[in-house]
Amino acid sequence: MLSLLQARQDKTSSVMSNATELIHSIPVDPLTGAISVPIYQTSTFVQEAPGVNKGYDYARSGNPTRAAVEQLLAKLEKGSTGLAFASGLAAIDAVVKLLKTGDEIVAVDDIYGGAFRLFTQVYEQFGIKVTFTDTSRPENVFEAITPKTKLIWLETPTNPTLKISDIAAIAAIAKANGCLLCVDNTFASPALQQPITLGADIVIHSATKYLGGHSDLIAGIVVAADKQIGDRLKFLQNACGAVLGPFDSWLLIRGIETLHLRIRQHCASAQTIAEYLQQHPAVDQVFYPGLPVHPGHETARKQSKGFGGIVSFTLKEDTEEAAIAFVTATRLFKLAESLGGIKSLVSHPANMTHKSIPAEKRKAAGVSDSLIRLSIGLEEAEDLLLDLEQAFSTTTATFKQTFIANTVTV
Ligand SMILES: *Cc1c(COP(=O)(O)O)cnc(C)c1O
């Protein structure tokens with residue numbers, strides 16, 4: 001029995017970090033014994049005398065429900081300080097505010113569109129310059145650094161082409177050049193990858209995605225490795241005010257409770273689907289770090305416990321029309337932006353998340369006209385495969401008809 005348990009645990013821990021630790025990191029309420037963290041829906045806290053309180057004075061500065069999720073994330077990401085924000089972008093915004101006019105950022109070229117907009121259309125106005133580079137080659141980061149560079153910004157895997165960057169190698173470059181390294185860990189989640197253990201200084205999340213996990217909230221997280229940087233970020237959180245409310249904090253805890261279990265299933269189904277797509281005659285390229293042909297496969301293996309739940313692919317018929325026919329033909333995969341929820345989603349980046357990027361720039365980043373992104377949910381993998389199969393046959397039939405119609409009219 002014990003050996004069976006041991007074998008199962010070895011298998012589990014090779015995929016995930018400790019679920020027991022996660023579950024028991026969520027505190028039992030010290031006041032009442034409530035096993036679910038209470039929602040402290042209050043704006044202020046009564047003081048016994050001026051400045052004498054029970055650890056909380058005003059809910060922008062601190063709220064017990066928010067504090068519970070903040071401490072939980074600090075533990076999960078192995079940092080000193082966790083902070084919860086009203087959105088992923090508010091979390092990114094707080095990190096950029098560590099800089100001042102004249103400082104520079106070196107960022108992954110495949111960056112999340114909202115971060116690109118924030119860096120280039122908001123912070124450039126304040127004199128913060130951003131250089132974008134392909135961080136999947138660490139030497140590019142080294143070359144892009146100038147004496148003014150203060151922050152290096154990574155996403156790994158990236159969206160939607162799942163490019164992988166070597167966190168430890170880039171952390172060493174950051175350290176040698178006196179820069180902070182921040183990793184947007186939204187796609188991997190701490191269940192698969194803990195950038196601070198690889199040398200990163202700061203981790204951010206769009207908790208809207210895998211941490212929340214149920215497509216029912218917008219939230220952001222910052223975790224700092226170092227206490228002093230954490231204190232500065234906490235100052236900025238209070239000074240600028242984009243805090244996560246108590247109900248959403250509770251909802252986020254509720255989501256994180258099953259993070260390890262969900263991620264395990266997302267990864268397993270994504271691998272099955274990526275392998276199915278790889279051999280499909282209508283598919284050109286498949287982007288999934290779990291496939292040995294993926295250029296980042298070895299690095300992903302080294303730094304992550306799994307390859308995540310996002311799979312992208314292009315069609316042999318590399319046109320927008322073909323992609324649109326496909327994404328409107330799926331039934332279980334719902335056509336929507338976002339990712340990381342229990343329901344599978346399909347999107348067409350060229351027309352949705354990446355529409356604002358000029359076509360040439362978009363294509364250079366690997367987002368071709370027919371690129372389709374799947375967020376693999378928690379349905380049975382078999383049912384998802386059947387849905388993709390029927391979408392492929394509908395798409396092919398549509399094209400045959402269009403072809404015949406065109407031929408006839410000519
Ligand atoms: C969605 C997303 C964000 C932005 O988060 P919001 O919660 O939508 O503000 C940032 N980074 C990545 C990688 C994302 O996918």
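Counting starts at 1 for both ligands and their atoms, following the listed order.
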Is it the side chain, the backbone, both or neither of Leu89 that has a heavy atom closer than 4.0 Å to ligand 1?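 Contact part for Leu89 vs ligand 1: both backbone and side chain.
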Using a heavy-atom cut-off of under 4.0 Å, does the side chain or the backbone of Ala115 touch ligand 1, or both, or neither?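 Looking at Ala115 and ligand 1, no heavy atom falls under 4.0 Å.
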Output field: ring centroids [X]/[Y] closer than 6.0 Å:
| X | Y | result |
| --- | --- | --- |
| Phe392 | Phe326 | yes |
| Tyr288 | Phe313 | no |
| Tyr210 | His205 | no |

Looking only at distances, please establish whether an N/O atom of ligand 1 is found under 3.5 Å from an N/O atom of Gly88.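 Indeed, backbone or side chain, Gly88 has an N or O that close.
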Contact (N/O only, under 3.5 Å) between Glu155 and ligand 1: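 So ligand 1 has no N or O lying under 3.5 Å from an N or O of Glu155.
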For [atom], what's the nearest protein heavy atom and its distance?
| atom | value |
| --- | --- |
| atom 7 (O) of ligand 1 | Thr208 OG1, 2.7 Å |
| atom 15 (O) of ligand 1 | Lys209 NZ, 2.7 Å |
| atom 4 (C) of ligand 1 | Tyr112 CE2, 3.4 Å |
| atom 5 (O) of ligand 1 | Ser206 OG, 2.9 Å |

So is Ala219 close enough to ligand 1, meaning a heavy atom under 4.0 angstrom away?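 Ala219 counts as a contact of ligand 1 under the 4.0 Å cut-off.
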Would you say Asn159 contacts ligand 1, with heavy atoms under 4.0 Å as the rule?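 Asn159 does not count as a contact of ligand 1 under the 4.0 Å cut-off.
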Of Asp318, Thr161, Thr314, which is the lone residue that meets side-chain hydrogen bond (donor to acceptor under 3.5 Å, both in side chains) with Ser368?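 Single pass found, and it is Asp318.
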Do Val183 and Ile202 have side-chain heavy atoms sitting under 4.5 Å apart?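 A side-chain contact is absent here, since even the closest heavy-atom pair is not under 4.5 Å.
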Is His354 close to Pro160 at the side-chain level, that is, under 4.5 Å between some pair of heavy atoms?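 They are in contact (side-chain heavy atoms under 4.5 Å apart), so the answer is yes.
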In terms of atom number and element, which parts of ligand 1 are under 4.0 angstrom from non-hydrogen atoms of Asp184?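 Those of ligand 1 that fall under 4.0 Å from Asp184 are 10 (C), 11 (N), 12 (C), 13 (C).
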Any salt bridge (Lys or Arg N to Asp or Glu O under 4.0 Å) involving residues 146-166? Give me the pairs, sequence neighbours left out, ordered by first then second residue.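 Output for this query lists Asp103-Lys150, Asp109-Lys163, Asp134-Lys163, Asp166-Lys302.
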Got a second to check how far Arg373's CZ is from Ser347's OG, nearest 0.5 Å?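 Rounded to the nearest 0.5 Å, the CZ-OG separation comes out at 4.0 Å.
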